[in-house]
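All values reported here derive from a predicted model rather than from experimental measurement. In this chain, residues are counted from 1 in sequence order. Counting starts at 1 for both ligands and their atoms, in listed order.
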Amino acid sequence: MIIRLHLSAIVLILSLISLIKAKQNDPGQFLVGAGIYDITGQVAEIGFMGYAVPKQRGRGLLQRMRSRAFIIGDVNKEENRVVYVSADNGMAFQIIKTEVVDRLNKTLGSNLYNDKNVLISGTHTHSTPGGTGGTALVDITTFGFVKENWEACVNGIVQSIMLAHKNLQLGRIKINVGQVDNANINRSPASYLNNVDRGEYKDNTDHEMTVLRFESIDGKTEIGMINFYPVHAVSLNNTNLLVAGDNKGYASYLFEKLKNPPGTLAGQGSFVAAFGQSNEGDVSPNLMGPKCIDTGLPCEFYTSTCNGKTEKCIAFGPGNNMYESNVIIGQRQYDVAKDLYDNAQVFLNGNSIVNFRHTYVDMQTINVSSRFTSTGHNETTCQAALGYSFAAGTTDGPGDFDFTQSTNSTNPFWQFVAAFLAKPTQQQIQCQAPKPILLDVGLIKPIEWVPFVLPHQIFQIGQLFMVGVPGEFSTMSGRRLKITIQQALQDAGTWTPDSHIVIAGLSNSYSHYITTYEEYQQQRYEGASTLYGPHTLAAYQQTFYDLSMKLARNESVPSGPQPFDMRGKTFSFVLPPIPDGLPIDKNFGDIFTDVDPSYKPGDTVRCSWWGANPRNDLFTEKSYLYVDQFINQTWVPILTDGDIETRFLWRREIIDDSIITVEWDIPVTQQTGQDLYRLRHVGVKKNAAGRRQYNGQSKNFTINN
Ligand SMILES: *[C@@H]1O[C@H](CO)[C@@H](O)[C@H](O)[C@H]1NC(C)=O
Ligand SMILES: *[C@@H]1O[C@H](CO)[C@@H](O)[C@H](O)[C@H]1NC(C)=O
Ligand SMILES: *[C@@H]1O[C@H](CO)[C@@H](O)[C@H](O)[C@H]1NC(C)=O
Ligand SMILES: *[C@@H]1O[C@H](CO)[C@@H](O)[C@H](O)[C@H]1NC(C)=O
Ligand SMILES: *[C@@H]1O[C@H](CO)[C@@H](O)[C@H](O)[C@H]1NC(C)=O
Ligand SMILES: *[C@@H]1O[C@H](CO)[C@@H](O)[C@H](O)[C@H]1NC(C)=O
Ligand SMILES: *[C@@H]1O[C@H](CO)[C@@H](O)[C@H](O)[C@H]1NC(C)=O
Ligand SMILES: *[C@@H]1O[C@H](CO)[C@@H](O)[C@H](O)[C@H]1NC(C)=O
């Protein structure tokens, strides 16, 4: 009797618990779809976006660049849809966003996906072909706009969204949050230490990773994964000349390889895994930190110099070289993402609401209420300007010029360049103080140097709020923005204990850095690159408070002023590729040096051909190289230029000849035996005789112990 009573009590308690649990985990239903497409661009001769080092120009391909798109929609209301895109590029630019939404409107014949509900976020890889920004400052080191790269980017993003659109199905989304404790460090701790609220946090970078798991309504088909984690994609440093997605691109590659069927070529599977960027402004993957390369001693803390020299203070690690570091930092993000993905329990529900708000703001003329400023006074933002430390760069990529961080010294050469732009007014100098102004970029004259009408965007997907910010928020700036948004949602009565906010960094437009007021006072690189003065962050907090409040209350927001449209107004000094040449006795695709007959696992196979400039054809969604295996009497391509184990290398020979080399690092786990392999290269040559595709092929080889 007693036992039976106990049993039934336990059963009752258990069923009560499961009832509560079921209620908590009540799965929301959404329309979901994912798509992936190639955005690589020109892998040779063009300067890379990011480090602003003109001599860092493409010599080939380590990994193709991808756009990864996710659409999440309200099941009943077509107008309630949001699109998140993570693109393997430095950052999203206005000139890309505007064209993408225009083309979507044309393609679909409706404004289903538009400026307001499409969010394009860059992963911030610094090893991507540049010249896609449109604004002068970001295109200057590539000698201007590179239309082919911009087109590859725009087209790839549109295609990825269209694929996601075609794949839309009824589905569910799970969310999980965890810690990645060994993949980032703060690269400007001297600035961070100024923050009055630093005592409230354990770490000086955010370690939190938020994972979203997309699956079909029955849970049987896995559709994709997005995660948010802040770390600069600068594991590959400014001496790398191979196009690559850096640590985030590598992590995505691993995850997609895991989830797509065996034998799926890179970028060709239906499962899409985005490693999204967040508030990474002061966050570096170079875990061993900055050291003086000549003495091995720590750099000067406030200025990141060695004996007064910026270029001697460089951050390294954790690997023995940058390619190893890239793999390690990618792997660490992948490992946690996989664990969180596998163990995700909590569904996004929140009555399955999908909603969004977007507004454009002129950042140069904002009156910021004392409610948001750090001074306790009403303040204003300033006409855009860059400080001297901007030219110093960071310990992830020190500047080539004679500048140091945390500086207020002046330099005659840069003063001359600055004077050429515009002379800062007394009012601007005061407004931007303590920033010593290097470049007064807040004018259109005759081209836009930096944008100043900026998009502010927030999505709601159930209990998740996704915030699209057009720049690089420092760790603490991101935290403060989240607190403000949470406050707005609380004030509106929408916030619940399971609500969650993520920041999608480098989204929709690019306005360099956003630091806190206290970090700004230090005028290191990030503070010098905070364009609109010391109250830039407070201005964002003010706008986002309003935007979040209106989202929660389902009120409309004004569209705001239109951003300057740079399409058709860009400048370019980039020359087209010269016609391809060859020695008189050679043909395109002829062997230059061939493979050996046999290799061991762990070896690198290498084959070179007389070839052509890869700029002639981007081979979008295709490959410049194949590793073929002879399986069942047919040659089957097993690897392409999208794989991390392969490299596609281009070099100039004599004046107009090209040597193409394909390398394959044979994994130590590669099966050995009598199987035949070969390397192949496909290219397009262009010269007076016309344009033609050519093929190169190595001898057969085997892999034996
Ligand atoms: C979308 O396209 C239609 C016609 O093609 C055009 O009238 C409309 O202005 C476009 N919408 C936007 C927001 O560009
Ligand atoms: C880049 O990394 C390589 C190691 O892979 C190192 O030798 C070189 O000094 C680094 N250069 C810079 C500028 O960081
Ligand atoms: C900011 O305040 C000044 C002075 O009160 C006013 O003249 C100006 O119009 C305001 N600007 C904006 C954008 O509200
Ligand atoms: C800021 O401006 C508002 C509106 O003009 C005013 O009510 C408030 O008193 C000002 N705050 C301070 C600290 O000056
Ligand atoms: C910058 O200027 C201020 C005031 O003129 C001075 O106190 C400070 O030491 C200077 N900093 C550097 C790095 O020169
Ligand atoms: C939100 O506002 C829109 C447009 O005014 C309206 O169509 C919609 O029904 C509202 N949604 C809710 C949940 O009130
Ligand atoms: C080769 O063909 C056989 C017979 O058709 C098949 O069983 C086997 O799976 C194939 N092997 C591979 C690697 O495709
Ligand atoms: C390479 O292998 C294929 C398939 O067995 C064969 O047809 C071809 O003759 C081989 N080529 C050479 C050069 O051995």
Exercise for the section: Using a strict 4.0 Å threshold on nitrogen-to-oxygen distance, state whether D197 and R480 make a salt bridge. Expected result: yes

Handout entry: Side chain, backbone, both or neither: the part of N111 lying under 4.0 Å from ligand 1 by heavy atom
Key = side chain

Practice task
Kindly indicate whether atom 11 (N) of ligand 1 is approached by any protein heavy atom to under 4.0 angstrom.
Solution key: yes

Practice task
Quick one: do Y84 and F228 satisfy ring-ring contact (aromatic ring centres under 6.0 Å, His included)? Show the steps, please.
Solution key: CA-CA 12 Å; Y84 168 83; F228 297 88; 5.5 Å; yes

Problem - Geometric N/O contact T365 with ligand 3, under 3.5 angstrom - result: no

Completion exercise
Nearest non-hydrogen protein atom to atom 9 (O) of ligand 6, with distance, is N554 ND2, 4.6 Å

Exercise for the section: Find all atoms of ligand 1 within a distance of less than 4.0 Å from any non-hydrogen atom belonging to N105, and give their numbers and elements. Expected result: 1 (C), 2 (O), 3 (C), 8 (C), 10 (C), 11 (N), 12 (C), 14 (O)

Practice task
Give a yes or no on whether atom 5 (O) of ligand 3 lies under 4.0 Å from any heavy atom of the protein.
Solution key: no

Handout entry: Test item: protein heavy atom less than 4.0 Å from atom 2 (O) of ligand 6
Key = yes

Problem - Smallest separation among heavy atoms of S507 and L119, with atom names - result: OG-CD2, 3.4 Å

Handout entry: Face-on cation placement of K569 at F564 ring, 6.0 Å and 45° thresholds
Key = yes

Practice task
Would you check if the distance from the ring center of F465 to the ring center of H500 is below 6.0 Å?
Solution key: no

Practice task
Find out whether the Lys NZ or Arg CZ of R479 is both under 6.0 angstrom from the six-membered ring centre of F473 and within 45° of the ring's axis.
Solution key: no

Practice task
State the atoms of ligand 3, each with its element, that fall below the 4.0 Å cut-off from a heavy-atom position in N367.
Solution key: 1 (C), 2 (O), 3 (C), 8 (C), 10 (C), 11 (N), 12 (C), 14 (O)

